[in-house]
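First comes the structure, then the notes that go with it.
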Protein chains: 2
Amino acid sequence: MEIRERILVAAAAVFAEVGFRGATTRRIAMEAGVNEVTLFRHFGSKDRLLGEAIQAANSRPSGSPLPERPTNPRKELVAWAREQMIRLRVNRNLIRTCMAEVAERPEIVERPGGQTTIAATQLRSYLTQLKKHGFTTARFDPATAAPMLLGALFADAMGRDVMPDMYPNDPDAAIRTYVDLFLRGIGVARPAKRRTKEPV
Amino acid sequence: MEIRERILVAAAAVFAEVGFRGATTRRIAMEAGVNEVTLFRHFGSKDRLLGEAIQAANSRPSGSPLPERPTNPRKELVAWAREQMIRLRVNRNLIRTCMAEVAERPEIVERPGGQTTIAATQLRSYLTQLKKHGFTTARFDPATAAPMLLGALFADAMGRDVMPDMYPNDPDAAIRTYVDLFLRGIGVARPAKRRTKEPV
DNA sequence: AACGAGAGCAAGTACCTACTTGCTTGCAGC
DNA sequence: GCTGCAAGCAAGTAGGTACTTGCTCTCGTT
């Protein structure tokens, strides 16, 4: 790995753990295994370094999208939700720190919602397709329903470790519960699976 | 207001905005309108001051509980969710900052979930009563379903300002959407209202 | 071998922070 | 009026931080 890349990764990791002020250049240098002055040779200032590091960390590719044509809503949504949850958990500290610091430093700390907005768009489209292909006839707006499932996943990922009493079941069981409740909430019943198989 | 109280309120406000390190004793003193040395005369150290301030701020009374006996689930849940949302929004910065900093400073920064755990317990009981009184015959576990609604509310309160693209409707409409989807998800249909009225 | 680039090392600068110390002032109670 | 208490003010201490500067070393290229 190139030194510059190593510095960026170290800076994002330290920031995620101890925030902007706690991410001293000394600490970042140690984490990256370089001399402190090297940070300034590559990036000029702490602001620039952390701005780039946070942006790079928030740009990691998201997982597989939902299929354009739904065939098995529960299976597809559970699989997708699992990937979203992994992404959220892996980035939990970074997301939490960005949320806490974005108001104070909008030019440096990127809004943490980029990937989540992409997920919301995907889910919205998927829900629209569910309606279009007759998996549900219930009345709901995909755009306003999507935040329900995403919100539950987000809160679980961000809060489970600090609010353990609120989450009595294990993480994967929780995902299945959220998806099941959500699908029923939007009128997609379990037997929907049989309905798609019959025309075949 | 007494000086000591003024200091605690100021300390919590500054912490919520700029975190532990950013909450310099100079800044807290200015916010409280006292001399910096007064902080130390009352609290001895910055750690002690912020520990007490955060605890006091996190101990604000929560809103009205859900009724022990459900009569109108939608109405009752919407009203309750509104109150939860107000609480979460008022404390948004504090909660976000506590979540970001609790891992680094567990003795000082209180886990932010006290009131939320109380809410989860209330909702759990309420859902149990819904089942008991026949508002739903669907299969779901109140303990694992509660985090779905609470999570959506929590994520909305914590994330709406930093992830506006994810929330297309206004906050109150969103609350009603979450409650509607949730009730349907646990098998409480809208007509449940008529069912409770007929015996009268 | 010579040169240039990049990184390490050490020392230093200017500023910031939690906290201390000595003194002064204002107010309440006797 | 006198005393004690609480708070303000100013100066200071010891440690920390982003950043700079001057020098040295290593490695790759010509």
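Nothing here was measured: the structure is a model prediction, and the numbers come from that model. Within every chain, numbering begins at 1; the chains are lettered A, B, ... in the order of the sequence lines, protein sequences first and strands thereafter. Just so you know, these numbers use all the heavy atoms, side chains as well, and skip hydrogens, waters and symmetry mates.
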Below 4.0 angstrom from OP1 or OP2 of C/dG6, is there any side-chain N or O of A/H42? no
Q) Are any non-hydrogen side-chain atoms of B/V109 and B/T97 less than 4.5 angstrom apart? A) no
ask   = Is there a side-chain polar atom (N or O) of A/T38 under 4.0 Å from OP1 or OP2 of C/dG8?
value = yes
One should read off an interatomic distance between A/L66 CG and A/Q129 CD, to the nearest 0.5 angstrom, of 11.0 Å
Which of C/dA7, C/dC9, D/dA18 is nearest the side chain of A/V37? It is C/dC9
From the candidates C/dC19, D/dT21, D/dC19, the one with an atom nearest any side-chain atom of B/E36 is C/dC19
Rounded to whole Å, the CZ-P distance (A/F43 to D/dT20) equals 15 Å
Rounded to whole Å, CD1 of B/I3 lies from P of D/dC5 at a distance of 17 Å
Check your understanding: For B/T71, does its backbone N or O pair with a side-chain atom of B/E76 as donor and acceptor, under 3.5 Å?
Key -> yes
Kindly indicate whether the side chain of B/R41 and the base of D/dA7 share any N or O donor-acceptor pair separated by less than 3.5 Å?
yes
Worksheet item: Distance check: side-chain N/O of A/T25 vs OP1/OP2 of D/dA18, anything under 4.0 Å?
Response: yes
message = Applying a 4.0 Å non-hydrogen cut-off, can you work out what B/A23 is touching in the nucleic acid: base, sugar-phosphate, or nothing?
response = sugar-phosphate
If you apply the rule salt bridge (charged side-chain N to carboxylate O under 4.0 Å, His left out), what do you find for A/R176 with A/D172, and how did you get there?
CA-CA 7 Å; A/R176 296 196 300 274; A/D172 202 66; 2.6 Å; yes
Here the distance between atom P of D/dG15 and atom CZ of B/R21, to the nearest Å, is 19 Å
Ranking A/F40 and B/R4 by the position along DNA chain D of their nearest nucleotide, the one closer to 5' is B/R4
Value for CG (B/L181) from CD1 (B/I186), rounded to nearest 0.5 Å, stands at 12.0 Å
Assign each of B/K46 and A/R6 the nucleotide of DNA chain C bearing its closest heavy atom; nearer the 5' end lies the nucleotide of A/R6
To the nearest angstrom, the CD1-P distance between A/I108 and D/dA18 comes to 12 Å
A/M30 CE to D/dT17 C1', in whole Å, measures 15 Å
Rounded to whole Å, the CZ-P distance (A/R26 to C/dC9) equals 13 Å
### Query
Hey, is the side chain of A/N35 poking within less than 4.0 Å of OP1 or OP2 on C/dA7, counting only N and O atoms?
no
When rounded to whole Å, the CZ to C1' distance for the pair B/R48 and C/dA18 reads 14 Å
Rounded to whole Å, the CD-P distance (B/E2 to D/dA6) equals 11 Å
